[in-house]
Each structure stands twice: as C-alpha cells, then as structure tokens.
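Okay, structure first, notes after.
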There are 2 protein chains.
Amino acid sequence: MKTDTVFKKAFNRTLDLMVRSEMEDPLPSENALRRRLGVSRTTIRKVLGELDQRGVIVAATRSQVQDRQVLPNDYFPDVETMPRNLHIERHFMEWMLRGDTKPGTSINELELARHFGVATSGIREFLIRFSRFGLLEKRPNSGWIFEGFTEEFALDLFEIRVMFELRSARLFAKQSDHSPLWEKLETLKRAHLDLLEEIDYRFHDFSSLDNRFHRLVNEASPNRFIDDFYDIITFIFHYHYQWNKRDEKQRNHAALVEHLGYIDALLSHDLSRVEVAAGAHLSSAKETLLRSLVTIA
Amino acid sequence: MKTDTVFKKAFNRTLDLMVRSEMEDPLPSENALRRRLGVSRTTIRKVLGELDQRGVIVAATRSQVQDRQVLPNDYFPDVETMPRNLHIERHFMEWMLRGDTKPGTSINELELARHFGVATSGIREFLIRFSRFGLLEKRPNSGWIFEGFTEEFALDLFEIRVMFELRSARLFAKQSDHSPLWEKLETLKRAHLDLLEEIDYRFHDFSSLDNRFHRLVNEASPNRFIDDFYDIITFIFHYHYQWNKRDEKQRNHAALVEHLGYIDALLSHDLSRVEVAAGAHLSSAKETLLRSLVTIA
DNA sequence: GCTCTTCCTCTTATCGATAAAAAACAATAC
DNA sequence: GTATTGTTTTTTATCGATAAGAGGAAGAGC
C-alpha cells in the first residue's frame with residue numbers, strides 16, 4: 001500500500017534525461033543509474049522493465065529502440081509522482097493559510113483525512129512533524145488546536161531569527177581570510193547583481209537566492225538548532241508568500257538591495273557595519289510579514 | 001485497541017483520594033469528578049461502574065460501602081497505567097543512553113517495535129516527535145540515523161541555551177517593580193534556601209527546582225520557540241541524569257549555590273551582575289554535562 | 001429552571017496487514 | 001577478482017479496522 005511515486009518519478013526523470021540526450025545510449029549500468037537517480041537498484045530495475053515493456057528500450061542490452069520517440073504521454077502525470085506526505089503538507093498548508101482557519105480552531109484528524117483522501121495515520125504524522133513550527137498544540141486523547149498564524153507568532157519568530165542571524169553574521173565576519181566561504185559569498189554577490197539587472201521578469205528567483213544567502217551565513221559556524229530553526233523559517237515563508245503575492249516584485253527588489261548592503265558589510269569584516277546591515281534587513285523583512293498579516297485579516 | 005490506561009489511572013487516583021479521605025462520601029457528581037480528575041465523563045462512569053462492581057461503592061448513591069476497605073490489590077499495577085507513548089519513550093531513551101548505541105547507528109523501526117512490544121506506528125510517531133531534539137536524522141524510504149549524544153551535540157545545545165537564558169534573564173531583570181514574578185522569585189529563593197539546609201538527604205529534589213527556576217526566568221517575556229527549546233533541555237537532562245548519577249549530590253549542591261547567586265543578581269536589577277551570574281551558572285552546567293559525556297565514553 | 005445522568009455519536013490511539021522500496025545475498029560475466 | 005545482473009529478504013509507507021475515550025443531546029430528578 002505504499003505509493004509508487006518513487007518509481008514513477010524515477011521513470012519520468014529517466015525519460016527526461018533520454019530526451020535531453022543527457023543519457024548515453026545504451027543506458028549505463030544499473031548501479032550507475034542508481035547513483036545518478038538516487039534510488040535503489042530495485043527501483044531502477046522496475047524503470048528499465050517498464051521502458052522495455054513500452055518498447056522504449058530493449059532491456060537486455062539497455063539500448064534505445066530506433067524510431068521509438070519518447071512521447072509526452074509516456075510520462076506519468078505529476079500528481080502520481082508526489083509522495084503522500086508532500087501531498088498532505090500541501091493540502092494542509094492550503095487549508096490553513098487559505099481557508100478561514102481562525103486561531104483556536106480545533107483540528108479533526110478524521111475529517112482532514114477524509115477531506116484529503118488519505119488515512120488518518122498520514123495526517124497524524126504530518127501534524128506531529130508540523131507541531132514543531134509552533135502553530136499547533138496537542139491535547140492528549142483529544143484533538144489538536146490551531147494557534148493561528150498571528151502577529152504574535154510572527155513576533156516570536158523574528159525575535160529568535162534576529163538573535164540567530166546576528167550571531168551567525170558576526171561569526172561569519174570574524175572568519176579567517178582564507179575560509180572558502182568568502183569565495184562563495186562573492187559568487188552569491190554576483191548572483192544578486194545579476195538578478196538585480198533582470199529583476200523585472202526574474203523576481204521570482206529571489207526566494208531561492210534568499211535561502212542560499214542565509215544558509216551560507218550559518219555555514220561559517222554550524223549549529224544544528226539554528227539550522228532547524230531556519231527550516232521553520234523557510235517552510236513558513238515558502239507557503240505564506242506562495243499564497244500572498246501582493247507587491248512581490250517590489251518586496252523582492254527591496255530585499256535584494258538590502259542583501260547587497262549586508263553582503264558588503266560582511267566582506268568589510270567590520271562587525272558594527274554587519275550588525276547594522278543585518279538588523280536593517282531583518283527588520284524590514286519583519287515589517288513586510290507583519291503588513292501582509294494585517295491585510296489577510 | 002486503544003489502551004485503557006486513562007481509565008486505570010483515573011481509577012487508581014480515585015481509590016487514592018478515598019483512602020486519604022480527600023474525597024467526600026458519597027462521592028461528588030460525575031461532572032465534579034470529571035473536573036477533579038481531568039478526564040471525560042465517559043471515563044468517570046467507567047470508574048464508578050468498576051467501583052460498584054467491586055463493591056467499594058454503591059453506584060446508585062455513590063456512597064461508600066461500609067466495612068469495604070480499599071485494599072492494596074484493588075489498585076491496577078503501575079505498568080497498566082502507563083500510556084503507550086510514554087512506554088515507548090522510556091524504552092527508547094534507555095536503549096539510546098544505556099545501550100552501546102554509537103553515533104551513526106541506524107534505527108530499525110520494525111526491530112524496535114518487536115523489541116518494545118508495540119506496533120510500528122507507535123515507534124514512527126515517537127521518532128518523528130523525538131527528531132526535533134536534534135539527535136536523529138531521517139532518510140526517506142529508508143531508516144533513521146542516530147547521530148549520537150556527543151560532545152558536539154552538547155556544545156550546540158549550550159550555545160543556544162546561553163543565548164536564550166541571557167536574553168530572558170535580562171528581560172526579567174528589567175521588569176517593572178510590581179510584576180508578580182518578583183514575588184514568585186522570592187518564593188523560589190526561599191525554596192532554594194530550604195533545600196540547601198537539607199541537601200544531604202533531599203538532593204534529588206533539585207531538578208524540579210531547577211526546572212521551576214529556569215521556566216520562571218522565561219516567563220517574564222514568553223516566546224514559544226524559547227519554551228520549546230527549554231522542553232528539549234528538560235527532556236534531555238531528565239533522561240541523561242537519570243542514568244548518570246555520578247556525583248549527583250555535589251553537582252546539585254554546587255548548582256543550588258549558583259542559583260542563589262543568580263537569583264540575587266536578578267533581584268538586584270543590575271544587568272551586568274545578572275549576566276555574570278547567569279553565565280557562570282550555565283558554564284558550570286555545561287562543564288558538568290561535558291564531563292559526564294567523557295566518562296560515559 | 002438547573003443539575004445530573006443516560007444514551008449515543010464522533011474522534012483518537014493502536015494494531016496488524018500489505019504493496020513498494022531498499023538492502024543483502026547469490027550467481028554470472030568479463 | 002571486480003563489476004554487473006538476478007533473486008530473496010528486510011524494511012518502510014500506507015491503509016483500514018476497532019476499542020477506548022471525549023463530548024453532545026435530551027430525558028430524569030429535584
């Protein structure tokens with residue numbers, strides 16, 4: 001009763017590589033494929049079997065069949081490649097951020113399970129995982145209470161974020177001059193400048209850049225709890241702004257400029273400049289979030 | 001297939017209250033009992049039914065039967081009152097901290113389930129919940145990796161703990177003079193002094209005092225993420241020192257004295273004194289933990 | 001008219017079963 | 001022998017079923 005999303009995704013990915021001629025013909029060995037796709041050999045064999053079945057390749061030699069083009073409908077549809085837990089996550093976040101889910105609402109596992117078309121155990125596991133985000137509370141032998149994506153939540157979140165970010169930024173700036181991270185920071189700076197040039201039509205790309213930047217700052221002196229906390233931030237922001245596109249371009253433009261100031265401050269090794277730049281960036285991120293919360297409510 | 005631990009615990013508790021004459025005769029109404037025991041009326045009725053069945057009370061009038069003493073073996077044994085998740089937690093922590101569980105060990109859900117005598121879903125849920133403690137990592141479609149209760153872990157933990165504690169202590173000291181928390185702090189100070197007098201035989205009581213104190217410090221300016229983090233600390237320390245009693249009395253005595261210094265610093269409202277006292281206490285707690293890790297390995 | 005209880009429904013905790021995927025093992029080829 | 005493929009075993013993901021527990025509606029008692 002496990003889903004076969006792993007297989008289907010691997011299958012699609014293989015077709016893709018063939019189409020884009022990034023895959024030799026005949027195909028590499030099972031072990032090589034396994035490493036390339038990051039799945040077990042069991043799955044690779046299933047993929048090869050299916051490709052053979054459909055006449056795309058001859059399994060025995062793993063060579064592509066002439067005149068058998070890969071067609072668009074050879075691919076499995078995207079829904080079928082999405083693992084259950086991701087499916088639940090999406091549904092839940094939509095339910096939470098979109099619906100009229102007020103703080104204090106109680107969450108009914110059974111109802112969600114029916115609603116999302118999955119077994120209750122999937123919902124439970126998701127809720128347990130999600131509870132670390134500070135938005136849910138469990139009453140034993142009874143349900144979960146949704147505490148609301150409120151201003152208070154945002155303030156708690158940002159208080160910690162500022163503490164962690166300042167700490168990491170300081171440690172980053174104090175690194176030895178031959179740390180490889182300086183190099184990485186320069187690369188990231190260039191990526192920022194590139195994006196800034198094309199901000200008009202590439203503004204969506206900012207969020208991945210944002211992520212890379214903040215993770216890089218943490219890399220100088222890793223702490224698992226800080227990393228975990230950054231996972232929360234990433235997750236929350238990802239979904240929140242996915243359903244909240246207001247002013248996205250301006251927001252991202254402003255943040256990009258702030259990042260550049262922050263990056264230059266880091267490059268300068270000047271601690272007080274770093275603190276000012278990081279502080280400024282975070283407080284504007286905070287204002288943005290708070291503003292968007294008000295407009296939702 | 002749910003366990004009936006809720007019922008059994010409520011039953012034992014009721015007997016207890018009766019024995020200690022803390023329960024009127026006849027017993028209060030179902031609703032009153034429900035509030036007192038913190039369970040649903042359904043459970044109360046089951047308890048009353050059982051008491052009647054066994055001839056301890058007459059259900060109809062809820063009055064105790066004369067000459068029917070409550071006997072020791074009227075109680076359900078303790079094992080049967082422990083909910084499954086707690087049972088799993090205990091077993092797991094023992095397995096982890098006692099056994100020769102080296103960093104990098106992979107965790108097999110099925111094996112643990114058989115070992116602990118529970119279904120795999122219980123184990124999964126526990127592992128998911130536990131993973132927030134930063135000691136496990138999940139490989140999708142494969143198992144969990146135990147990352148080890150190592151020195152590195154302890155250092156990560158304490159770095160965050162120091163940040164949070166200093167922040168909370170500063171905010172505590174800055175509170176207005178008529179905050180009710182000052183009163184609470186005074187009470188706690190007295191409890192510390194009392195314990196200090198009797199440290200020779202009551203040294204076990206320190207850990208609950210420790211908890212109360214640090215939670216109180218956080219109370220001045222609550223932040224859900226800090227609270228959550230303190231849950232981690234509590235949990236880890238609880239189990240770690242449960243299986244590591246070396247020098248317990250001295251350790252607790254020293255910590256008690258440090259607490260008193262810390263408390264006085266708070267009472268003085270002097271920020272720099274607070275920082276020094278809090279820092280001193282935390283660094284000695286850290287040294288203690290690190291030392292105990294070395295002696296284990 | 002309120003509280004208490006009886007009866008009933010809905011939800012959670014927990015189990016066991018099973019398909020998919022991983023991993024270990026065995027056989028073969030080069 | 002080393003890499004590759006074929007086969008078998010083990011483990012995870014996921015479902016559905018069910019007893020325990022929570023909680024609501026409505027009658028019964030004062």
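Residue numbers begin at 1 in each chain, while the letters A, B, ... track the order of the sequences. Note that this is a predicted model, so its numbers are computed, not measured.
- Contact between the side-chain N/O atoms of A:Ser40 and the OP1/OP2 oxygens of C:dA21 is not found at any separation under 4.0 Å.
- The residue among A:Asp4 and B:Gly117 whose nearest nucleotide of DNA chain C lies closer to the 5′ end is B:Gly117.
- Between A:Glu24 and A:Arg36 there is a salt bridge, since a side-chain N of the basic residue sits under 4.0 Å from a carboxylate O of the acidic one.
- For a distance-only test at 3.5 Å, the side chain of A:Arg41 qualifies as a donor-acceptor partner of the base of D:dG6.
- Among the heavy atoms of the strands lying under 4.0 Å from B:Ile107 are primed sugar atoms or P, OP1, OP2 only; no base atom is included.
- Aromatic ring orientation, A:His240 versus A:Phe149: tilted (interplanar angle from 30° to 60°).
- Rounded to whole angstrom, the span from the CG atom of B:Leu33 across to the P atom of C:dC4 amounts to 11 Å.
- A:Ser142 has a side-chain polar atom (N or O) that falls below the 4.0 Å cut-off from OP1 or OP2 of D:dG23.
- Toward the 5′ end of DNA chain D lies the nearest nucleotide of B:Ser121, the other residue of the pair B:Ser121 and B:Gly38 mapping further downstream.
- The phosphate of C:dC15 (OP1 or OP2) has a side-chain N or O of B:Arg84 nearer than 4.0 angstrom.
- Taking atom CD1 of B:Ile145 as the reference point, atom C1' of D:dT12 lies 14 Å away to the nearest angstrom.
- Note on A:Arg114: a side-chain N or O is less than 4.0 Å away from OP1 or OP2 of C:dT11.
- For A:Asn108 and C:dT11, the shortest distance from a side-chain N or O to OP1 or OP2 is below 4.0 Å.
- In this structure, B:Ser29 reaches the C:dC4 phosphate: one of its side-chain N or O atoms is under 4.0 Å from OP1 or OP2.
- Summarising the geometry, the separation between CD1 on A:Ile128 and P on C:dT14 is reported as 11 Å, rounded to the nearest angstrom.
- The side chain of A:Asn31 lies closest to D:dT4, out of C:dA20, D:dT4, C:dA17.
- There is no side-chain donor-acceptor pair under 3.5 Å between A:Arg215 and A:Asn218.
- Between A:Ala32 and B:Thr3, the residue anchored nearer the 5' end of DNA chain D, judged by the nucleotide with its closest heavy atom, is A:Ala32.
- Heavy atoms from other residues, nucleotides or ligands lying under 6.0 Å from NZ of B:Lys138 number more than 12.
- Ring pair B:Phe229/B:Phe164 is perpendicular by interplanar angle, where above 60° counts as perpendicular and below 30° as parallel.
- The phosphate of D:dT4 (OP1 or OP2) has no side-chain N or O of A:Arg34 nearer than 4.0 angstrom.
- Between B:Thr120 and A:Val6, the one whose closest nucleotide on DNA chain C sits nearer the 5' end is B:Thr120.
- Summarising the geometry, the separation between CG on A:Asn141 and P on D:dG21 is reported as 7 Å, rounded to the nearest angstrom.
- The CE atom of A:Met82 sits 20 Å away from the P atom of C:dA20 (whole-angstrom rounding).
- Here B:His87 and B:Phe116 keep their ring centres 6.0 angstrom or further from each other.
- The shortest non-hydrogen separation linking A:Arg54 to A:Phe76 is NH2-CZ, 3.3 Å.
- With hydrogens and angles left out, the side chain of A:Thr43 and the base of C:dA21 share no donor-acceptor pair within 3.5 Å.
- Atom CG of B:Leu110 and atom C1' of C:dA22 are 14 Å apart (whole Å).
- Nucleic acid contact for B:Lys8: none, since no nucleic acid atom lies under 4.0 Å from a heavy atom of the residue.
- Picking from D:dG6, C:dT14, C:dT18 the nucleotide with the shortest atom distance to the side chain of A:Met1 gives C:dT18.
- If you take CG of B:Leu112 and P of D:dT10, they are 17 Å apart, rounded to a whole angstrom.
- One atom, CZ of A:Arg62, and another, P of D:dT5, lie 4 Å apart when rounded to the nearest Å.
- With distances taken from any side-chain atom of A:Glu30 to the nucleotides C:dT12, C:dA19, D:dT5, the minimum falls on D:dT5.
- Put simply, the side chain of B:Lys2 and the base of C:dT12 share a donor and an acceptor less than 3.5 Å apart.
- Between the side chain of B:Thr42 and the base of D:dA22, at least one donor-acceptor pair of N or O atoms lies under 3.5 Å.
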